[in-house]
Amino acid sequence: MSSADAGSVRVLGLGPGSVEQLTDEARHALERAEHVLGYHTYLARLPALEGKVLHGSDNGDELSRAHHALELAAAGAHVAIVSGGDPGVFGMAAAVFEAVERGPAAHRALDVAVVPGVTAMLAAAARLGAPLGNDFCAINLSDNLKPWSLIERRLELAAQAGFVIALYNPASRARPGQVHAAFERLRQNRAPYAPVAFAKAVGRTDEELELTTLGEADPAHADMRTLIVVGSEATRRIERPSGQPWLYTPRRVDGGRVDEDRADEAS
Ligand code: SAH
């Protein structure tokens with residue numbers, strides 16, 4: 001096959017929901033695609049897609065979707081495979097590379113590239129203020145692909161280490177109880193005054209933000225559209241005369257090398 005006939009796969013992130021948070025790079029990759037693959041709900045959110053072949057599938061079909069994209073590209077098509085948020089954050093990008101690694105050797109020669117997107121954690125943080133201003137981590141609470149005991153261990157260690165923690169996939173109809181167990185584990189390892197935010201459907205018309213504390217949070221408020229930000233004991237809440245308070249985590253931790261507020265880190 002000559003390079004003019006070569007297909008391509010772009011694994012791209014659609015951002016958290018609003019079209020304003022779709023990057024130009026992702027939009028261009030979508031425009032160029034002849035085939036678009038993704039979870040039905042994500043395809044429904046896309047800007048105009050006339051003339052493209054859409055392949056909607058169910059959540060959970062990631063590996064077969066990835067194989068399908070690679071097969072189409074191997075046959076010469078330009079393919080976009082989409083994730084909400086960023087494709088590299090609990091999204092399609094890793095599934096595509098799993099499919100490349102397990103698939104025929106010829107797939108390794110394909111033009112496959114990842115186009116980043118605004119992940120839910122960053123969109124939620126921006127709405128809240130600057131809760132990720134110091135060290136943070138992201139944990140996927142779904143135990144579909146990893147044991148629950150490992151999730152509990154990571155929650156415990158992250159809480160002990162003082163990370164601000166973003167919890168993805170906190171709950172679904174199939175696992176309503178696990179988010180309660182997760183909060184129990186966090187409460188055993190972090191003070192009850194640590195701020196917590198439930199950020200629901202950020203960037204969409206049904207967006208909702210709830211600010212509370214680790215001690216008072218009701219984990220039942222989380223659903224599949226919710227990203228939970230668990231602040232550290234250093235995370236602060238600034239009350240305002242009206243409207244939503246800001247959450248931020250100061251850059252400085254006691255014992256830092258620079259005493260004054262003159263940190264020489266790039267910002
Ligand atoms: N690749 C996606 C994450 C997929 S996992 C990303 O980078 O954002 C799905 C989880 O992401 C959801 O259960 C929820 O926790 C979070 N999420 C995705 N979009 C969201 C949004 N608009 N608002 C809040 N949380 C969101």
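Indexing begins at 1, ligand by ligand and atom by atom, following the structure's order. Source: prediction; values computed, not measured.
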Show the atoms of ligand 1 that are less than 4.0 angstrom away from any heavy atom in [X].
X	result
Pro16	22 (N)
Thr226	14 (C), 15 (O), 25 (N)
Ala199	24 (C)

Quick one: does ligand 1 sit under 4.0 Å from the side chain of [X], the backbone, both or neither, non-hydrogen atoms only?
X	value
Arg204	side chain
Asn140	neither
Pro87	neither
Ala124	neither

Practice task
Verify side-chain contact (heavy atoms from CB on, under 4.5 Å) between Leu14 and Leu46, making sure each step is shown before the conclusion.
Solution key: CA-CA 8 Å; Leu14 300 174; Leu46 292 177; 3.2 Å; yes
Would one find an N or O of [X], backbone or side chain, under 3.5 Å from an N or O of ligand 1?
X	result
Pro170	no
Ala120	yes
Lys200	no
Met224	yes
Gly91	no
Tyr168	no
Tyr42	no
Asn169	yes

Completion exercise
Of all heavy-atom pairs linking Arg175 and Ser142, the shortest is CZ-CA, 3.5 Å
Problem - Nearest atoms (heavy-atom pairs only) where Ala159 meets Ile165 - result: N-CD1, 3.9 Å
Return the closest protein heavy atom for [atom] as residue, atom name and distance.
atom	result
atom 7 (O) of ligand 1	Thr119 OG1, 2.6 Å
atom 21 (C) of ligand 1	Val202 N, 3.5 Å
atom 3 (C) of ligand 1	Val89 O, 3.5 Å
atom 24 (C) of ligand 1	Arg225 O, 3.1 Å
atom 4 (C) of ligand 1	Phe90 O, 3.5 Å

A side-chain contact here means heavy atoms from C-beta on lying under 4.5 Å apart; do [X] and [Y] qualify?
X	Y	value
Pro87	Val115	no
Val100	Arg108	yes
Tyr168	Leu227	yes
Pro245	Leu211	yes
Glu207	Arg127	yes

Please verify whether a non-hydrogen atom of [X] lies at under 4.0 Å from ligand 1.
X	result
Gly84	yes
Ser83	no
Gly203	no

Completion exercise
The reported gap from CG in Leu247 to CZ in Arg237 (rounded to nearest 0.5 angstrom) is 7.0 Å
Practice task
Hey, could you give me the NE2/CD distance between His180 and Glu184, rounded to the nearest 0.5 Å?
Solution key: 10.0 Å
Practice task
Report yes or no: do His78 and His35 form a side-chain donor-acceptor pair below 3.5 Å?
Solution key: no
Handout entry: Backbone N/O of Asp86 and side chain of Ser83: donor-acceptor pair under 3.5 Å
Key = no
Problem - Worked verdict on Arg225 versus Asp206 for salt bridge (Lys or Arg N to Asp or Glu O under 4.0 Å) - result: CA-CA 10 Å; Arg225 303 163 302 152; Asp206 50 343; 2.8 Å; yes
Exercise for the section: Applying side chain to side chain contact (heavy atoms under 4.5 Å, CB included) between Leu167 and each of Ile139, Val179, Ile151, report the one that passes. Expected result: Ile139
